[in-house]
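Lettering of chains follows the sequences in order, A, B, ..., and the numbering in each one begins at 1. Just so we're clear, the structure is a prediction, and the values are computed from it rather than from any experiment.
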Amino acid sequence: MQWETVIGLEVHLQLATQSKIFSGAATQFGAEPNTQACAVDLGMPGMLPVLNEEAVRCAVLFGLGIGAEIGLRSVFDRKNYFYPDLPKGYQVSQFEAPIVGKGEFEITLSDGSSKRIGITRAHLEEDAGKSLHEDFHGMSGIDLNRAGTPLLEIVSEPDIRSAEEAVAYLKTLHSLVTYLDISDGDMSQGSMRCDINISLRPVGQEEFGTRAEIKNVNSFRFVEKAIHHEVERQMDILEDGGSVVQETRLYDADRDETRSMRSKEVANDYRYFPEPDLLPVVLDEAWVQSLRETLPELPVEKRQRFESQYGLSTYDASVLTDSRALADYFETVAADCGDAKIAANWVQVELLGQLNKSELDIANSPVSAEQLSGLIKRILDDSISGKIGKQVFEAMWNGEGDADQVIEARGLKQVSDTGALEAMVDQVIADNPDQVAQYLAADDGKRKKLVGFFVGQIMKASKGQANPRMVNELLARKLV
Amino acid sequence: MHDYSLDRLAQGLREGEFSSVELTRSYLDRISALDGQYNAFITVDEEAALAAAAEADQRLATGDATALTGIPIAHKDIFCTRSLRTSCGSRMLDNFVPPYDATLIQKLNQAGAVILGKTNMDEFAMGSSNENSYYGPVRNPWNTETVPGGSSGGSAAAVAAGLAPVATGTDTGGSIRQPAAFCGITGLKPTYGRVSRLGMVAYASSLDQAGPMARSAKDCAVMMNTIAGHDPADSTSAQEVVPDYCANLEQPLEGLRIGLPREYFGEGLQGDVAQVIDAALKELEKLGAKLQEVSLPHSALTIPAYYIIAPAEASTNLSRFDGVRYGHRCEDPADLHDLYTRTREEGFGAEVKRRILVGTYALSAGYYDAYYKKAQQARRLIRQDFLDCFEQVDLIAGPTTPGTAFALGAKTADPVAMYLEDVYTLAANLAGLPGLSMPAGLADGMPVGLQLLAPHFAEQRLLQTAHLFQQTTDWHQHRPAGIKAGGQS
Amino acid sequence: MAIEQDEIEKIAELARLRIPPGEINELTERLTGILALVDQLQAADTSGVEPMSNPLDAVQLLRPDAVTESNQRDAFQAIAPAVEEGLYLVPRVIE
C-alpha cells in the first residue's frame with residue numbers, strides 16, 4: 001500500500017524578553033541553578049502573576065507577521081498537572097481564547113516549489129523548569145530558572161507531508177521570528193522546541209490515521225531524523241496489519257530512535273479553567289494597528305524584492321534573505337560596491353562558505369560588509385583579479401586588515417603598467433617560437449585556445465599579478 | 001487600655017500617656033494570661049513585637065507618626081510575615097517561615113503598626129467554625145463552649161476578648177463577617193480587589209478579600225485608610241481611587257434607602273435573631289434611613305455556586321503544596337508519586353481534602369460544563385440581582401448569620417450543615433460586593449450581627465451607616481462576661 | 001448525583017491525595033452529600049449567560065519588561081525540605 005505522511009507541528013518559541021512572563025526575574029540562559037527563580041516562579045504561597053507587556057507585544061507581532069487574526073480579548077487558563085518542574089501544579093497557558101488565531105505562511109522547497117502551511121493558533125504560556133537526572137543519591141535535582149520564561153506555542157495545521165516540508169517549515173518559522181526579533185530562535189539553548197504529531201494514511205484517504213506525538217525535538221536535523229524514524233515505525237506496524245497507538249514518544253538522538261514515554265501516559269485530565277489570578281487581556285485595535293506599522297520587511301517580501309531589484313534568481317534571493325542580518329550584510333555590500341550580482345556571488349560563495357566551515361553566524365563574521373565591498377571594488381577596478389581576490393579574502397578572514405592593506409602588504413596589486421607588461425609579452429613570444437608558429441598557422445577557432453598558453457606563461461612570470469585583460473589585448477596585437 | 005478605640009490609643013501614644021512598648025507588653029501579657037481559654041493565637045513572637053514597638057516609640061518621638069504607629073495588630077495566620085511563621089492553620093505550613101511580607105503586612109508595618117501575633121483560623125480559610133485548624137479550635141469568648149465562627153475565628157476572638165485592639169481577616173464566603181457576628185465585633189469585607197491579595201495564601205482567588213476586624217466601624221475605617229489601594233503586583237487589585245474612609249463617617253443617614261431582601265428573612269432564620277435584626281433596623285430608620293423590601297431572585301443558587309467555584313479554585317491553588325520547595329514533606333518518599341500523595345495526605349486536614357476533591361471533580365473532563373461553567377453563569381445572575389437592587393436602594397441589610405454561635409462540635413459531622421451557615425454571606429463574595437457585619441444586639445446572651453451590603457467600592461457608605469448606628473447604640477461596647485469593659489471608646 | 005468510590009479514587013489520583021482505605025466509605029458519603037447540595041444548581045436556567053470569572057469585569061494590566069528580582073536562592077532554599085548544589089531534590093524523575 002502507498003502511505004501518505006501527515007504531520008502537524010507545535011513549536012514552543014521562547015520570546016526574547018528581559019524578564020519572565022509573570023515575574024520580574026531574569027530570563028538569561030545559563031545562570032546557576034535557581035538563582036533566577038523568584039517567589040512567583042517558585043510558586044511560593046500568596047504569590048501572584050502580572051503579565052509582561054513585551055511578551056504580549058512579541059505574540060501580536062508574530063500574529064501580524066503571519067497575517068493572523070489577533071485575539072483582541074485573550075484569556076489565560078490553568079492547565080493542571082503535577083510534575084516537579086512545574087512549581088504551582090499548574091501551567092498558566094491559553095486554551096479557549098488564544099492571543100493569535102488562524103494564519104498561514106509559505107515555505108519554499110528544494111525543488112523551488114512553494115507551499116502554504118496553515119497556522120491553527122499561537123498562544124502565550126509559561127515555560128516549566130528542568131529536572132536534572134545526575135545522581136543525587138538516587139534523587140533528581142530541580143532547577144526552576146527556566147520556570148516562567150515566556151513561550152509562544154505555535155500550532156500548525158496538519159498540512160505537512162514530509163520531513164523535508166517539516167524542516168522547511170521550521171526554517172521559515174525560524175527566519176520569520178528572527179526577522180521579527182521576537183526570539184533568538186536558538187535551538188541549542190532550547191529557544192525553539194518542537195513537538196511533532198505524525199500519522200500515516202493510505203494515499204487517497206481523507207480521514208487521518210492515529211497519530212503519535214514526539215515531544216521536545218530541538219534541532220532541524222533531529223526533526224528530520226525523528227520523522228523518518230517514526231514514519232518507518234508506523235509503516236511497519238500498519239504494513240503488518242497492526243494499529244498505531246495514540247501516545248507521546250520521545251526522540252532519543254543518541255540512539256536515533258523514538259520511544260514511548262510511559263510516565264506521561266497516566267490518563268491526564270488537565271482541568272483547564274480561566275486563571276483567576278489574571279484578568280482577560282484586552283488589546284486596543286489602534287495599538288495593534290500601530291504595531292502593524294512597525295513590522296519590518298519580512299523574508300518573503302524581501303526575497304521578492306531582491307529578485308526584482310537586484311535581478312537575482314529565486315534561489316540566490318532566498319539564500320540571501322535567510323536571516324535579516326545576512327540580507328542586511330548583502331545589501332550593504334551591494335550598495336557600497338555597486339554591483340549586486342558580484343556582491344551576491346561573493347557573499348554566497350566565499351563568505352557563507354567560510355562561515356559554515358567555521359560554524360559562525362553572520363553577526364560574528366570576521367570580515368565586515370564594508371571590508372568585503374572594499375575587496376570587490378578592487379576587483380572591479382582591475383587592481384586585482386578575482387583569483388587574487390580569494391587570497392585577499394582569506395587574509396582578511398585571518399585578520400590581516402582590509403583589502404587595500406592586504407594587497408599592499410602582500411604586493412598583490414595587478415601589473416597594469418603597459419611598459420612592463422609589453423616587456424613580459426615580448427619575452428614570452430621570443431622564448432616560444434614553436435608555439436608562436438603553431439598559433440599563427442591555426443584558424444580563429446583554434447587560436448582562441450592556443451592563446452591560453454601565452455596568457456598562462458605571462459601569469460606565471462608575473463606571479464599572477466598581470467592584468468589578464470591587458471595581457472590579452474597585448475597578445476592580440478603582437479601575435480601577428 | 002485594652003478597650004480603647006484606635007483613635008484613643010493613637011492619642012495616648014502621641015501624648016505619651018503610654019508607650020507602644022507598654023501597650024504591646026500589656027497585650028502580650030493578656031494573651032499569655034488569657035489565650036489558654038480561647039486559643040485565638042497560633043504564633044506570638046514577643047521579642048519581635050516589642051522590638052517593633054520600640055521602633056514605633058522612636059518614630060512617635062520624632063512626630064512622624066501615622067494613625068497606626070505603635071498600635072499592636074493581630075494578623076490572621078494567612079498573611080505571609082517575613083521571618084514569622086505563617087501556618088494558614090495547616091500542618092502543611094507548620095514549618096513555613098516566609099522570606100517575604102504580604103502587601104497588607106508591608107503597608108501596616110510601614111505605617112508603624114506592631115505585629116502582635118498570628119491568629120488561629122480554619123485550615124486554608126476553609127470553614128465556618130474555626131474547628132478545622134491544625135492548632136485546635138478557637139473558643140468564643142462569649143461562651144467558650146461555642147464556636148467563634150470562621151474562618152477568621154482567631155482574629156474575631158482576639159478582638160472580642162481584648163487580646164488585640166484590632167485584627168486582620170480574610171473573607172472568601174463570610175470569613176470576616178460571620179466570626180465578627182458570632183463574637184460581637186465589627187468586620188468589613190471590602191470590594192473584591194480593594195485590598196491587595198499579594199502574600200495572602202490563596203483559597204479561592206476570585207473570591208478572597210482581606211479586611212479589618214475591630215471593635216467599631218470607625219476602627220475599621222482607620223485600618224482601611226492604610227490597607228486599601230492598588231497593588232501593581234496583584235493583577236486583580238482594583239485601580240479605583242482610595243477615599244479617606246474616616247472623612248464622611250458623621251454624615252447623616254437622612255434619606256438613605258435600605259433594601260431588605262425577602263430571601264434573607266425567610267425560612268431558616270432563627271426567631272430571636274430575627275427580632276434583634278428588626279430592632280436594629282428600626283434604629284436605622286430612626287437615624288433617617290428608609291427601609292424597603294427588595295428581592296434577590298437567584299439567592300437559591302448562591303450556596304451551590306459558591307461550593308463549586310470556591311473548591312474548584314482551591315483545588316488548584318493548593319496544588320503547589322507538594323513537599324518540594326517548602327512546607328511539609330513526608331518522611332522517606334519511595335518515589336515521586338509517594339512524595340506527592342503522602343505529603344498531601346499528611347499535610348491537609350479532612351475539610352481541605354474534601355474541598356480539593358470536590359473542586360477537582362467540578363473541573364474534571366465531562367463535569368466542567370455542568371459544574372464549574374454553570375456556577376460561573378449562576379454567579380453572573382447573582383451579581384445582576386444585586387446590581388438591579390442597587391438601582392432602587394443604597395444599601396442592603398439583613399442578618400449576617402441565620403443563628404448565633406453554635407456549640408463546638410455541633411456541625412463537624414455534617415459538612416453540608418456547616419456550609420448552610422454561610423447562606424447570607426456568600427453572595428457578596430460571588431458578586432464582589434463590600435459587606436460589613438456589626439453587633440446588633442444579643443439573643444440569649446450571644447451576639448447577633450447585622451450585615452450591610454453596598455455597591456462595589458461603596459465601603460464608605462457601609463462604614464458611615466455602621467458608625468452612626470454605633471453612635472446611638474452601644475451593642476458594640478458589650479463585652480463577653482469576664483472581659484472587663486473599659487472606659488469610653 | 002451519587003459519586004462512586006472508583007470515581008473518588010480517580011479524582012484523588014488527579015489531586016495527588018492518598019486516601020487511606022479505611023476512610024473511603026466515610027469520604028464517599030460526605031462527598032455525596034456535598035454534591036447533592038451543589039447539584040441544586042442544575043435546576044437553574046443559565047442558557048445564554050456569559051460565565052463570570054471576575055466580579056469586577058476588569059481587564060489585565062501589563063507590567064513593563066524589566067528585571068526587578070535579584071537572586072534570593074539562599075533565603076528560599078533555607079526553608080526547602082531537600083536541596084543540594086542549589087537544586088531542589090525529589091525522588092528520581094523517570095521520563
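Of the listed residues (C:Asp57, C:Leu56, C:Ile79, C:Thr68), the one with the most heavy-atom contacts under 4.5 Å to chain A is C:Thr68. The candidate with the highest count of non-hydrogen atom pairs below 4.5 Å against chain A, out of C:Val67, C:Asn54, C:Leu61, is C:Val67. Across A:Glu54, A:Met44, A:Arg73, A:Gln18, the residue that shares the most heavy-atom pairs under 4.5 angstrom with chain C is A:Gln18. When each of A:Thr17, A:Val282, A:Thr27 is checked for heavy-atom pairs under 4.5 Å with chain C, A:Thr17 comes out on top.
The distance from atom NZ of A:Lys20 to atom CD of C:Glu69, rounded to the nearest 0.5 Å, is 10.0 Å. Note: A:Leu51 CG to C:Gln60 CD = 5.5 Å, rounded to the nearest 0.5 Å. Atom-to-atom distance recorded for C:Glu13:CD and A:Asp269:CG is 12.0 Å, nearest 0.5 angstrom.
The main-chain N or O of A:Pro33 is found under 3.5 Å from a side-chain atom of C:Arg73 such that the two form a donor-acceptor pair.
The closest side-chain heavy-atom distance from C:Gln72 to A:Cys38 is not below 4.5 Å. No side-chain heavy atom of A:Gln36 sits under 4.5 Å from any side-chain heavy atom of C:Asn71. Between A:Asn34 and C:Phe76, the closest side-chain pair of non-hydrogen atoms is not below 4.5 Å. Put simply, the side chain of C:Glu84 reaches to within 4.5 Å of the side chain of A:His137, judged on heavy atoms. Residues C:Val90 and A:Ile142 form a side-chain contact, since some pair of their non-hydrogen atoms from C-beta on lies under 4.5 Å apart. No side-chain heavy atom of C:Leu14 sits under 4.5 Å from any side-chain heavy atom of A:Phe82.
Environment of CD in A:Glu32: sparse, with no more than 12 heavy atoms of neighbouring residues, nucleotides or ligands closer than 6.0 Å. Enclosure of atom CD in C:Gln40 by more than 12 non-hydrogen atoms of other residues, nucleotides or ligands within 6.0 angstrom is indicated. Sparse packing is recorded around CD of C:Glu29, with 12 or fewer heavy atoms of other residues, nucleotides or ligands lying under 6.0 Å away.
Neither the backbone nor the side chain of A:Ala31 comes within less than 4.5 Å of any heavy atom in chain C. For a residue to count as touching a neighbouring chain, one of its non-hydrogen atoms must lie under 4.5 Å from one of that chain's; by this rule A:Val50 touches chain C with backbone and side chain alike. Using a 4.5 Å cut-off between heavy atoms, A:Pro276 makes no contact with chain C at all. Looking at A:Arg57, there are no atoms closer than 4.5 Å to chain C (heavy atoms on both sides), in backbone or side chain. With a threshold of 4.5 angstrom between heavy atoms, A:Ile21 approaches chain C through N, CA, C or O but not through any side-chain atom. Both the backbone and the side chain of C:Ala58 come within less than 4.5 Å of a heavy atom in chain A. For a residue to count as touching a neighbouring chain, one of its non-hydrogen atoms must lie under 4.5 Å from one of that chain's; by this rule C:Glu85 touches chain A with backbone and side chain alike. No part of C:Ala82 comes within reach of chain A, as not one of its non-hydrogen atoms sits under 4.5 angstrom from that chain. Only the side chain of A:Leu42 comes within contact range of chain C, with at least one heavy atom under 4.5 Å from a heavy atom of that chain. Contacts between A:Phe22 and chain C at a heavy-atom distance below 4.5 Å involve the backbone alone (N, CA, C, O).
For the 3.5 Å distance criterion, the side chains of C:Asp65 and A:Ser19 qualify, holding a donor opposite an acceptor. A donor-acceptor pair shorter than 3.5 Å cannot be found between the side chains of A:Ser23 and C:Arg63.
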For side chain to side chain contact (heavy atoms under 4.5 Å, CB included), just list the numbers for A:Val56 and C:Leu62, CA-CA rounded to whole Å, side-chain angles, deciding distance to a tenth of an Å, and then say yes or no.
CA-CA 9 Å; A:Val56 172; C:Leu62 302 180; 4.1 Å; yes
Step-by-step side chain to side chain contact (heavy atoms under 4.5 Å, CB included) determination, A:Val281 to C:Val59
CA-CA 6 Å; A:Val281 182; C:Val59 300; over 6 Å; no
Would you please test A:Asp143 and C:Tyr88 for side chain to side chain contact (heavy atoms under 4.5 Å, CB included) and show each step?
CA-CA 7 Å; A:Asp143 174 10; C:Tyr88 294 96; over 6 Å; no
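C:Leu89 approaches A:Met139 most closely through the heavy-atom pair CB-CE, 4.0 Å.
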